Amino acid sequence: MSKQKVGLLSLVLFTITAILHYLHNVSLVHLPALFLVLSRWMVVAALVGYALLKRTLTTWILVSMAIGIEIGIDFPHFAQNLQVLSKIFLRLVKTIIAPILFSTLVVGIAGHSDLKQVGRMGWKSILYFEVVTTLALIVGLLAINLSRAGAGIVLPAGFHQDLPETKPQSWQDVILHIFPENIVKSVYNGDVLPIVVFSVIFGIALAMLKEERRRPMLQFSESLAETMFRFTNIIMYFAPFGVGAAIAVTVGHLGLDILKSLFFLLATLYLALIAFILLVLLPVALLVKIPVKKFIKAVSEPVSIAFATTSSESALPKAMENMEKFGVPRKIVAFVLPTGYTFNLDGTTLYLSLAAVFVAQAAGIPMSVGQQVLMGLTLMLTSKGVAGVPRASLVILLGTAASFGLPLWPIMAILGIDELMDMARTSVNVIGNTLASCVIARWEGEFDDRKALAFQPD
């Protein structure tokens, strides 16, 4: 049977199964629980068959997510044991971050000795980042004010969540975080931006040396970069197991009851993020003449990884590799993507603005447009550098809520579904940063249209 027929069969089985579950849930038809379980596993089996024929890593990652969801629903207690697989994958990815950033940035800067371009990329990136994140802030505020998802919220009976400890960040802390105190410490902690700053300064210093002094270190960096990209390819073979396990743990931990009570809030966030992609990111892509269909293929794999693991950092190596294959020069990819993880958190900014107003609505505290904008800007500034840490934005939200005199109990409700919200906002962070690298490449006149049009996923 051809892969097209197996794909069509999977779609038909999924549609029938979804209809049967809907009819059962609204009590129009009463079906045995075993029958419903078997119907879902038939869909999973068909998807596995499709993946075997398709033979691409992206397909296997998406199918592993479906398997993970089913395991989480049917075997919630067993699913928690799979957490070790997702942790192994995340640990392997984190080993790549520092060497791949260092080597690619050093080669990009010292290999071309164009120090003026580094400065140009810097101000162009910051300008683009701030414009787009401001638009994300506006979309988030509009969405929550239109839906009023927080009005009349009631926590489920017996619901309890332990709120994480908060440590307020001053503007001095935000600035100091940019500069490495100890490069080994930054590598150990996985702080992306200090590694970028160190690598940029190192690359500039190397570019200032004479050719005979510069060449050995440049060759080492070039060899290290190529090795780390091969290293990434090896680790990605484990990605379906890590991604599937992460989804299984999430679904098994949350269950479905909490979703019913907070569905409106979750739907508001997802619709707002979709609106942001369609109304902001898509027009940007069309404006700078990026081939959208090929771009979707290029980002689907890193976005899938980010969605399942709720960490932008886990998607960084594959995103860098795919963007280079898509036609963005390595020196621009290496500079824009990691810098964007600090300054271009589109999904996180949108979520924080939406969540902060949700807290006020749930507490019955009216806020003027000016107050909402001020709170959103505060969240946007204090959220810099949280992309690599799953659910770190909750800590930012707690600190800001306390600063504006908002109660903390509505955040308990958000915490209940934060993993599902984090999946969406992290995915948008990755989409926004990969698109940013394309925008800066086009702005610099170095985007390779032929490579973009010829892109094929692994």
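The structure displayed is predicted, hence computed values, not measured ones. Positions are given from 1 along the sequence.
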S.K.: Just grab all the ring-ring contact (aromatic ring centres under 6.0 Å, His included) pairs involving residues 55-102, residues at least two apart or on different chains.
M.R.: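 Residue pairs passing ring-ring contact (aromatic ring centres under 6.0 Å, His included), neighbours aside: Phe102-Phe202.
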
S.K.: Flag the pair Val428 / Leu350 as yes when at least one side-chain heavy-atom distance between them is below 4.5 Å, and no otherwise.
M.R.: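 No, too far: nothing below the 4.5 Å cut-off.
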
S.K.: Salt bridge or not for Glu226 and Arg330, using N-O below 4.0 Å?
M.R.: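 Between Arg330 and Glu226 there is a salt bridge, with a charged N closer than 4.0 Å to a carboxylate O.
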
S.K.: Go through the steps for Gln80 and Val249 under the test side-chain contact (heavy atoms from CB on, under 4.5 Å), then give the verdict.
M.R.: CA-CA 5 Å; Gln80 301 310 304; Val249 171; 3.7 Å; yes

S.K.: Has Lys87 got more than 12 heavy atoms of other residues, nucleotides or ligands less than 6.0 Å from its NZ?
M.R.: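 Atom NZ in Lys87 is not crowded, with 12 or fewer foreign heavy atoms closer than 6.0 Å.
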
S.K.: Any chance you could measure Leu278, atom CG, to Leu273, atom CG, to the nearest 0.5 Å?
M.R.: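 Reported value, rounded in 0.5 Å steps: 11.0 Å.
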
S.K.: Which pairs with one or both residues in residues 62-77 pass salt bridge (Lys or Arg N to Asp or Glu O under 4.0 Å), sequence neighbours excluded?
M.R.: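 Passing the test, one end in residues 62-77: Arg40-Glu70, Arg40-Asp74.
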
S.K.: Check the pair Val299 / Asn322 against side-chain contact (heavy atoms from CB on, under 4.5 Å), numbers first and verdict last.
M.R.: CA-CA 7 Å; Val299 301; Asn322 280 11; over 6 Å; no

S.K.: Starting at CG of Leu13, measure out to CG of Leu8 and round the result to the nearest 0.5 Å.
M.R.: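 Answer for the CG-CG pair, Leu13 versus Leu8, is 9.5 Å.
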
S.K.: Applying side chain to side chain contact (heavy atoms under 4.5 Å, CB included), can you list everything that pairs with Ala245, at least two apart in sequence or on another chain?
M.R.: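 Expected list: Leu82, Leu85, Ser86.
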
S.K.: Tell me if a side-chain donor or acceptor on Thr95 pairs with a main-chain N or O of Leu92 at a distance below 3.5 Å.
M.R.: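 Checked: pair present.
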
S.K.: Please check if the side chain of Gln361 supplies one atom and the backbone of Ile144 the other of a donor-acceptor pair under 3.5 Å.
M.R.: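 Yes; judged by distance alone, with no hydrogens or angles, the pair exists.
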
S.K.: Determine whether a donor-acceptor pair (N or O, by modelled atom type, separation under 3.5 Å) exists between the side chain of Asn429 and the backbone of Asp346.
M.R.: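 Between the backbone of Asp346 and the side chain of Asn429 there is a qualifying donor-acceptor contact (under 3.5 Å).
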
S.K.: Write down the atom of Ala272, the atom of Ala143, and the distance for their closest heavy-atom approach.
M.R.: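 Minimum heavy-atom separation between Ala272 and Ala143: CB-CB, 3.6 Å.
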
S.K.: Does either side chain, that of Asn344 or that of Thr133, offer a donor lying less than 3.5 Å from an acceptor on the other one?
M.R.: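 Distance-only check fails for Asn344 and Thr133.
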
S.K.: For Phe447 and Val439: C-alpha separation, side-chain torsions, deciding distance, then whether side-chain contact (heavy atoms from CB on, under 4.5 Å) applies.
M.R.: CA-CA 9 Å; Phe447 185 79; Val439 171; over 6 Å; no

S.K.: Is there a side-chain contact between Val336 and Met323 in this structure, where contact means two heavy atoms from C-beta onward sitting under 4.5 Å apart?
M.R.: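 Not in contact.
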
S.K.: Under 3.5 Å, side chain of Thr426 to main-chain N/O of Met423, donor-acceptor pair present?
M.R.: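 A pair under 3.5 Å: no.
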
S.K.: If only atom types and distance count, is the side chain of Lys294 paired as donor or acceptor with the main-chain N or O of Ala452 below 3.5 Å?
M.R.: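 Not a single qualifying donor-acceptor pair exists.
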
S.K.: What pairs with Tyr50 under ring pair (Phe, Tyr, Trp, His ring centres under 6.0 Å), at least two apart in sequence or on another chain?
M.R.: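 If we apply the ring pair (Phe, Tyr, Trp, His ring centres under 6.0 Å) test to Tyr50, skipping adjacent residues, there are no hits.
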
S.K.: Please name all residues satisfying side chain to side chain contact (heavy atoms under 4.5 Å, CB included) with Thr232, sequence neighbours left out, ordered by chain then number.
M.R.: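 Once residues adjacent in sequence are excluded, the partners of Thr232 under the side chain to side chain contact (heavy atoms under 4.5 Å, CB included) criterion are Ile96, Ile100, Met236, Pro317, Glu321.
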
S.K.: Whether the side chain of Ser221 engages the backbone of Ser103 through a donor-acceptor N/O pair (distance < 3.5 Å, no angle test) should be reported.
M.R.: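 Not at all, since once roles are kept as given, no pair shorter than 3.5 Å links the two residues.
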
S.K.: Decide yes or no for Asn233 and Lys318: does some side-chain heavy atom of the first lie under 4.5 Å from some side-chain heavy atom of the second?
M.R.: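 Yes - at least one pair of side-chain heavy atoms lies under 4.5 Å apart.
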
S.K.: Could you tell me whether the side chains of Thr59 and Thr56 share a donor-acceptor contact shorter than 3.5 Å?
M.R.: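 Checked: Thr59/Thr56 side chains pair up, N/O donor to acceptor below 3.5 Å.
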
S.K.: Check Asp449 with Arg442, please: is the shortest side-chain N to carboxylate O separation under 4.0 Å?
M.R.: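 So Arg442 pairs with Asp449 through a salt bridge.
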
S.K.: Is the centre of the Phe358 ring less than 6.0 Å from the centre of the Phe264 ring?
M.R.: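 Not under 6.0 Å, so no.
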
S.K.: Taking atom OH of Tyr270 as the centre, report whether more than 12 heavy atoms of other residues, nucleotides or ligands fall under 6.0 Å from it.
M.R.: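 For Tyr270, atom OH is crowded (more than 12 foreign heavy atoms under 6.0 Å).
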
S.K.: So do Met121 and Ile440 actually touch side chain to side chain, heavy atoms under 4.5 Å?
M.R.: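 Side chain of Ile440 against side chain of Met121, heavy atoms only: contact under 4.5 Å found.
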
S.K.: Do Ile195 and Ser199 come close enough that some side-chain heavy atom pair is under 4.5 Å?
M.R.: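 Yes; the side chains approach each other to less than 4.5 Å.
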
S.K.: Going by an N to O cut-off under 4.0 Å, is there a salt bridge joining Glu324 and Lys451?
M.R.: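 No, Glu324 and Lys451 are not salt-bridged.
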
S.K.: Would you say Ser223's side chain and Phe220's backbone share a donor-acceptor pair under 3.5 angstrom?
M.R.: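 Side chain of Ser223 to backbone of Phe220, a donor-acceptor pair under 3.5 Å: no, none is there.
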
S.K.: For a side-chain contact (heavy atoms from CB on, under 4.5 Å) check, start with the C-alpha distance between Leu265 and Met421, then their side-chain angles and the critical distance, and finish with the verdict.
M.R.: CA-CA 9 Å; Leu265 171 61; Met421 301 177 85; 4.1 Å; yes

S.K.: Excluding sequence neighbours, so at least two apart, what forms ring pair (Phe, Tyr, Trp, His ring centres under 6.0 Å) with Phe129?
M.R.: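 Phe129: no ring pair (Phe, Tyr, Trp, His ring centres under 6.0 Å) contacts found.
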
S.K.: Indicate yes or no: at least one non-hydrogen side-chain atom of Leu62 is less than 4.5 angstrom from one of Met65.
M.R.: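 Answer yes - side chains close enough.
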
S.K.: Side chains of Phe276 and Val132: does their closest heavy-atom pair fall under 4.5 Å?
M.R.: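 Side chain of Phe276 against side chain of Val132, heavy atoms only: contact under 4.5 Å found.
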
S.K.: Any side-chain heavy atom of Val139 sitting closer than 4.5 Å to one from Leu279?
M.R.: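 When only atoms from C-beta onward are counted, Leu279 and Val139 do not touch, as no gap falls below 4.5 Å.
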
